[in-house]
Participant: 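Below is a structure I'd like to ask you about.
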2 protein chains.
Amino acid sequence: MAAKRRQTAQQEHAADVATYVAAGGEESVQRVITAVYAVTKKLDQWYARQFADLDLSQGEWSVLAALARAGDTCLTPSQLADLSSVAPSSMTHRLDKMAGRGLLERRPDESNRTRILVSLTKEGWNLFSAAVRESNVVESDTLRGLSTSERHELARLLEIVIDGLDDIEA
Amino acid sequence: MAAKRRQTAQQEHAADVATYVAAGGEESVQRVITAVYAVTKKLDQWYARQFADLDLSQGEWSVLAALARAGDTCLTPSQLADLSSVAPSSMTHRLDKMAGRGLLERRPDESNRTRILVSLTKEGWNLFSAAVRESNVVESDTLRGLSTSERHELARLLEIVIDGLDDIEA
DNA sequence: TATTCGAATTTCGATGTCGAAAGAATAGCA
DNA sequence: TGCTATTCTTTCGACATCGAAATTCGAATA
């Protein structure tokens with residue numbers, strides 16, 4: 001299968017960068033950004049397949065992950081919509097479905113009755129954990145070409161980028 | 001605005017990694033993968049805003065980019081659907097709209113009349129170029145914390161990962 | 001040649017998402 | 001207190017997307 005490929009992923013990536021540069025982008029920028037998106041695109045495809053096994057859409061995954069990352073703190077539908085990059089009105093039905101499956105619970109906020117507090121059930125956390133452990137397999141495989149020190153270096157460089165993300169929109 | 005932030009992006013990232021590790025992921029893997037997604041998530045939000053100025057949805061952008069990357073080679077709707085990670089049936093209407101705007105042209109394949117060949121018009125390429133040049137601004141800003149040699153190192157490490165992407169699905 | 005299988009596109013009904021507006025409750029201020 | 005502005009959620013209609021079926025054409029085989 002891989003033998004039939006006309007171009008290696010590397011060559012394809014180089015050609016993509018050349019296209020963006022020809023359109024007016026800077027090479028040192030496009031080389032990095034294009035590479036980042038090449039990786040996430042492949043990962044997204046694998047996630048979609050694996051999540052289908054768990055009866056989980058990408059949208060439902062993002063809700064699960066947001067709640068898991070929040071730990072003990074409950075989140076409101078609006079916060080979940082924001083964290084999931086979706087319109088608040090879309091979150092209503094999504095939460096309905098997930099609550100129906102027993103993955104999360106909703107209860108009114110005692111201190112502010114316009115709000116609803118959403119939290120993960122034990123079953124929801126178990127599904128989150130199962131998804132993480134399954135994903136870790138292909139993620140680990142994705143990084144298998146890097147040594148331990150290279151992984152650290154890659155993480156370090158990306159974290160420098162993350163550090164600067166907050167101050168841009170101005 | 002940034003002063004009101006409770007956590008830095010860095011701390012948030014560290015907490016996210018800790019959550020994935022607690023759920024069963026490996027730290028050296030999650031640190032990299034989570035960082036990659038933190039970057040693309042922010043970028044996606046900016047793209048969405050900038051593309052709105054150009055009257056361009058993310059889906060339309062992916063078609064534009066796929067055609068631009070293909071250069072002189074025409075692509076079929078099925079290929080575009082594949083490259084855009086969308087169902088072939090969804091591509092029909094998307095191409096209708098874009099052709100209506102004069103961004104692309106469709107013509108039957110003389111050698112195989114079940115196929116349709118899609119190509120970018122001059123106007124389509126101009127819009128692609130405008131989008132690339134606009135995007136390059138925030139992309140460049142995103143990488144401003146990295147020196148030239150660090151950008152090269154980051155690109156090099158990501159390209160190692162890309163090189164291994166093809167041989168995984170087995 | 002005739003037939004069957006496969007590939008590419010489109011149509012169709014169901015579902016998910018969006019933006020705008022409505023409804024409910026809080027917060028700030030005279 | 002009474003009024004206004006704001007926040008949060010949901011409802012609603014419009015549109016995009018999906019998977020399955022239908023259609024059309026090409027390719028392989030008997």
Side-chain angles (χ1 to χ4, degrees), chain A residues 4 41 44-45 47-49 51-53 55-64 66-67 70 73-101 103-119, chain B residues 1 4 41 44-45 47-53 55-64 66-67 70 73-101 103-119:
Chain A
K4 260 202 285 185
K41 185 172 180 180
D44 282 340
Q45 292 172 1
Y47 291 151
R49 267 198 281 174
F51 289 174
D53 295 342
D55 236 327
L56 201 63
S57 72
Q58 304 241 21
E60 289 163 338
W61 159 255
S62 73
V63 173
L64 229 49
L67 287 170
T73 311
C74 289
L75 295 175
T76 68
S78 294
Q79 290 172 321
L80 285 168
D82 198 43
L83 292 168
S84 304
S85 299
V86 86
S89 59
S90 304
M91 193 52 65
T92 301
H93 185 240
R94 194 185 284 183
L95 293 178
D96 279 347
K97 260 188 68 179
M98 295 179 73
R101 270 178 75 180
L103 299 177
L104 49 84
E105 280 174 348
R106 285 176 295 187
R107 59 188 176 78
D109 184 345
E110 302 295 337
S111 69
N112 183 338
R113 278 179 297 175
T114 63
R115 287 190 200 169
I116 289 179
L117 296 179
V118 182
S119 59
Chain B
M1 206 51 82
K4 260 202 283 185
K41 185 172 180 180
D44 282 339
Q45 291 171 3
Y47 291 151
R49 266 197 281 174
Q50 295 193 328
F51 288 175
D53 295 343
D55 236 326
L56 201 63
S57 72
Q58 304 243 19
E60 288 163 339
W61 159 255
S62 72
V63 173
L64 230 49
L67 287 169
T73 311
C74 289
L75 296 176
T76 67
S78 294
Q79 291 172 321
L80 284 169
D82 199 42
L83 291 169
S84 304
S85 301
V86 88
S89 60
S90 304
M91 194 53 64
T92 300
H93 184 241
R94 194 185 285 182
L95 293 178
D96 279 347
K97 259 188 69 179
M98 295 180 73
R101 270 178 75 180
L103 299 177
L104 49 85
E105 280 174 348
R106 284 175 296 186
R107 59 187 177 79
D109 184 346
E110 302 294 337
S111 69
N112 183 338
R113 279 180 296 175
T114 62
R115 287 189 199 171
I116 291 178
L117 296 179
V118 183
S119 58

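Reckoned from all heavy atoms, side chains included, excluding hydrogens, waters and symmetry mates.
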Participant: Taking N and O atoms by type only, does the side chain of A:S89 place a donor or acceptor under 3.5 Å from a partner on the base of C:dG19?
Facilitator: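 By the distance-only test, yes, there is a pair.
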
Participant: Do A:C74 and A:E105 make a side-chain contact, defined as non-hydrogen atoms from C-beta onward lying under 4.5 Å apart?
Facilitator: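 No - every pair of side-chain heavy atoms lies 4.5 Å or more apart.
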
Participant: Any side-chain heavy atom of A:L117 sitting closer than 4.5 Å to one from A:L75?
Facilitator: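 No, every pair of side-chain atoms sits at 4.5 Å or beyond.
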
Participant: Between which nucleotides of DNA chain D, read 5' to 3', does contact with chain A run, using atoms under 4.0 Å from its heavy atoms?
Facilitator: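 Footprint of chain A along DNA chain D, 5' to 3': D:dC8 to D:dT11.
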
Participant: May I have the step-by-step check of side-chain contact (heavy atoms from CB on, under 4.5 Å) for A:L95 and A:L104, ending in yes or no?
Facilitator: CA-CA 8 Å; A:L95 293 178; A:L104 49 84; 3.9 Å; yes

Participant: Using atom CZ of B:R106 as one end and atom C1' of C:dA8 as the other, report the distance to the nearest whole Å.
Facilitator: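 To the nearest whole Å, that distance equals 14 Å.
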
Participant: What is the distance, to the nearest angstrom, from the CD atom on A:Q58 to the P atom on C:dT17?
Facilitator: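 That distance rounds to 11 Å.
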
Participant: Any side-chain N or O of A:R113 under 4.0 Å from OP1/OP2 of C:dT26?
Facilitator: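 Checking C:dT26 against A:R113, a side-chain N or O does come within under 4.0 Å of OP1 or OP2.
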
Participant: Could you check whether B:S57 gets within reach of a base, just the sugar-phosphate, or nothing at all, counting any heavy atom under 4.0 Å?
Facilitator: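 Here B:S57 touches no strand at all.
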
Participant: Give me the atom names and distance for the closest heavy-atom approach of A:S62 to A:R94.
Facilitator: OG-NH1, 3.6 Å

Participant: Report the C-alpha distance between B:V118 and B:R107 in whole Å, list the side-chain angles of each, state the deciding distance to 0.1 Å, and finish with yes or no for side-chain contact (heavy atoms from CB on, under 4.5 Å).
Facilitator: CA-CA 7 Å; B:V118 183; B:R107 59 187 177 79; over 6 Å; no

Participant: Could you check whether any side-chain heavy atom of A:L103 comes within less than 4.5 Å of a side-chain heavy atom of A:E60, counting everything from C-beta outward?
Facilitator: no

Participant: NE2 of B:H93 versus P of C:dT11: gap in Å, rounded?
Facilitator: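 Atom-to-atom, B:H93 to C:dT11, this comes out as 11 Å.
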
Participant: How long is the line joining CZ of B:R94 and P of C:dT9, in whole Å?
Facilitator: 15 Å

Participant: Can you measure A:D96 atom CG to C:dT15 atom C1' for me and round it to whole angstrom units?
Facilitator: 14 Å

Participant: Give one of base, sugar-phosphate or nothing for B:P77, where a contact means two heavy atoms less than 4.0 Å apart.
Facilitator: sugar-phosphate

Participant: Is any side-chain heavy atom of B:D96 closer than 4.5 Å to one of B:R106?
Facilitator: yes

Participant: Between C1' on C:dT17 and CD on A:E60, what's the gap in Å once rounded to a whole number?
Facilitator: 14 Å

Participant: On DNA chain C, nearest-nucleotide positions of A:N112 versus A:K97: which is more 5'?
Facilitator: A:K97

Participant: A:M98 has an atom CE; how far is it from atom P of C:dG16, in whole Å?
Facilitator: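 Value for this atom pair: 13 Å.
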
Participant: For B:S78, which contact category applies under a 4.0 Å heavy-atom criterion: base, sugar-phosphate, or nothing?
Facilitator: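 B:S78: backbone/sugar contact only, no base atoms under 4.0 Å.
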
Participant: Grab the CG-P distance between A:D109 and C:dT26 for me, whole Å please.
Facilitator: 10 Å

